[in-house]
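For reference, the structure is listed below as structure tokens.
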Amino acid sequence: MLDINFIRANKERVEQGMLNKGEKDISIVSTVLQKDEEWRALVHKTDTLRSESNAKAKEIGKLMGQGKKDEAQAIIAETSKAKEEIKELEDAVKKVQDEKESLLLRITNVPHPSVPVGFTENDNEVFATWGDPNNEEWRKPHWEITERYGWVDFERGVKVTGAGFPFYVGPVAQLQRALINFFINEAGAAGYTELQAPFFVNEDSARGTGQIPDKEDMMYVIPRDEFFAIPTAEVPVTNFHRDEILSADQLPVKYACHTPCWRREAGSYGKDVRGLNRLHQFDKVELVKIVKPETSYDELESLRAHSEMLLQKLELPYRTLLMCTGDMGFTQSKKYDLEVWSPGQQRWLEVSSCSNFEGFQARRMQLRYRNEENKTEILHTLNGSALALPRVVAALLEAYQEENGKVRVPEVLKPFIGRDYL
RNA sequence: GGAGAGGUGGCUGAGUGGCUGAAAGCGCUCCCCUGCUAAGGGAGUUUACGUGGAAACACGUAACGAGGGUUCGAAUCCCUCCCUCUCCGCCA
């Protein structure tokens, strides 16, 4: 959610931002400003009336105390009329405020000036590439490897739950556990505090990070208890400090959190969902930063660099994309995607997404800090995957396989696995 | 899941219809005093929104778990929900 005062002062910028993100209807910007005018007029009127009515109530109290019942009664007769008027105004204020707020929730975040304007994936900028793709003919896609050894059991996953919920068996289960440990350890070394979070969140949390109202169809719902299964650790971790005022010396706040992630992925099909490419449940280590506004773009760069470093240590070739305006989400102001090279499939797989939300999430969450002038100020939030597991596993199985079919263990994971081959 | 008790400011804790945005204490900030291992004195110390102002700030409104209701007036009375604690049940 944007600051209404910011929209008031930057109407054209907000509208252009929405157009650049591919929104067709920008009239809501004008409408929300109208509603805001209307709302402020109503609030002013209501406050004035309430002020008068409060003064009278006090007067009544005083007279009652002095035992002057008749005089009090006279004023009471007067006030009952004003009371109805206030009630009507309050209802009107509430109505306009709800309208204003729901419009406000539909206005996208404004892209940062450094973000390329464009509407398709072809407009994304290749920000960096690293490593030499090992593209030998004999390399097989990961699903052939896992099938040959029985390392991922999709069929039993279907039997037990449904498509997209596989079992990982033996060496691949062990590999995932090793990766999680490796990622968490690296985050710890970089100053992130490790957090274990709830896997279900309530509606307020889902709204805080922007899954509601924009993307609620992505989440699994537990209706009986009104919970959502988290689509990413971003949701519980960013909401950790919801409705709080942090002190400046706590900042920046940096958390690392490993959780499973659940996504309905309605409408996916074909090669996208083959093997480990796209699942309904997958594990991920997520990094979340809560920072002072003036530092958030530097923090985004270090976040991106951290995720890239993980792929470098795993010696997996990758590229980093700076996402164009139209390929960014509703809530982001700038976003990098990291894509690892899958030599068995001859395609890039997204394994990380590092985003700056500026104050867009923090404003919804009332997440603030006390600045140098002792005033409360909205913080900036960022998050990035470091990293998403199954696709790293997929790329790794394909990149580390040998012609005889054996799969080597990456150097940095040997301490966790204790042998040279899976 | 059943029964009971309770949710007030950074913390402890008063307050059962009006002068309470909230006593008192602790903590914190600033100032004063004092030459001695410390104490004393004074002032300040929630947040959001609105109006005015360049700003400092001033004024107004709202908030005592959340949402509704009663009343001229609610932290205080009524209803619903959420949460915490104690006992019982269940359980890793």
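Please read all numbers here as calculations on a predicted model, not as lab measurements. Numbered from 1 within each chain, the chains take letters A, B, ... in sequence-line order.
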Review point. Counting only side-chain N and O atoms of A:Arg50, is one of them less than 4.0 Å from OP1 or OP2 of B:G50?
Key: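 No, no such contact exists.
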Review point. Quick one: is A:Arg370 getting a side-chain N or O under 4.0 Å of the B:U29 phosphate, OP1 or OP2?
Key: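 Indeed not, no polar side-chain atom of A:Arg370 lies that close.
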To the nearest Å, give me how far apart [atom1] ([X]) and [atom2] ([N]) are.
| X | N | atom1 | atom2 | answer |
| --- | --- | --- | --- | --- |
| A:Asp204 | B:G65 | CG | P | 18 Å |
| A:Met1 | B:A48 | CE | C1' | 12 Å |
| A:Leu49 | B:U61 | CG | P | 12 Å |
| A:Arg363 | B:C49 | CZ | P | 11 Å |
| A:Asp243 | B:A63 | CG | P | 18 Å |
| A:Gln250 | B:G10 | CD | P | 14 Å |
| A:Ile75 | B:G18 | CD1 | P | 18 Å |
| A:Lys69 | B:C72 | NZ | P | 14 Å |

Take atom [atom1] in [N] and the same atom in [M], then report the distance between them in whole Å.
| N | M | atom1 | answer |
| --- | --- | --- | --- |
| B:G53 | B:C59 | C1' | 12 Å |
| B:A62 | B:U20 | C1' | 16 Å |
| B:A56 | B:G52 | P | 16 Å |
| B:A63 | B:C19 | P | 14 Å |
| B:C72 | B:G9 | C1' | 29 Å |
| B:G13 | B:G18 | P | 24 Å |
| B:C64 | B:A22 | C1' | 8 Å |
| B:U86 | B:C78 | C1' | 27 Å |

Measure from the side-chain heavy atoms of [X] and tell me the nearest of [options].
| X | options | answer |
| --- | --- | --- |
| A:Thr376 | B:A48, B:C72, B:C49 | B:A48 |
| A:Arg8 | B:G50, B:G60, B:U46 | B:G50 |
| A:Met64 | B:U61, B:U47, B:G18 | B:G18 |
| A:Val43 | B:G50, B:C72, B:G68 | B:G50 |
| A:Asn54 | B:U61, B:G18, B:U47 | B:U61 |
| A:Lys375 | B:A48, B:A56, B:G18 | B:A56 |
| A:His44 | B:G68, B:U51, B:C49 | B:U51 |
| A:Ala57 | B:U61, B:G18, B:U47 | B:G18 |
| A:Arg40 | B:U51, B:U47, B:C72 | B:U51 |
| A:Lys87 | B:G18, B:G69, B:A62 | B:G69 |

Practice item. Tell me which of A:Asn5 and A:Ser53 sits closer to the 5' end of RNA chain B, going by the nucleotide each one is nearest to. Key: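 By nearest-heavy-atom nucleotide position, the 5'-most residue is A:Asn5.
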Review point. Starting at the 5' end of RNA chain B and moving along, which residue's nearest nucleotide shows up first, A:Ala77 or A:Glu377?
Key: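 Its nearest nucleotide lies further toward 5', so the answer is A:Glu377.
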Checking side-chain polar atoms at under 3.5 Å, does [X] have a donor or acceptor matched by the opposite partner on [Y]?
| X | Y | value |
| --- | --- | --- |
| A:Asn5 | A:Arg8 | yes |
| A:Lys289 | A:Ser302 | yes |
| A:Thr320 | A:Arg304 | no |
| A:Gln250 | A:Tyr369 | no |
| A:Tyr192 | A:Glu186 | no |

So which nucleotide does [N] pair with, by the Watson-Crick or G-U wobble rule with both distances under 3.5 Å?
| N | answer |
| --- | --- |
| B:C28 | B:G44 |
| B:C77 | B:G69 |
| B:A58 | B:U51 |
| B:C91 | none |
| B:C83 | B:G6 |
| B:U34 | none |
| B:U16 | none |
| B:A39 | none |

Give a yes or no on whether a salt bridge exists between [X] and [Y], defined as a side-chain N under 4.0 angstrom from a carboxylate O.
| X | Y | value |
| --- | --- | --- |
| A:Lys21 | A:Glu23 | no |
| A:Glu84 | A:Lys81 | no |
| A:Glu144 | A:Arg148 | no |

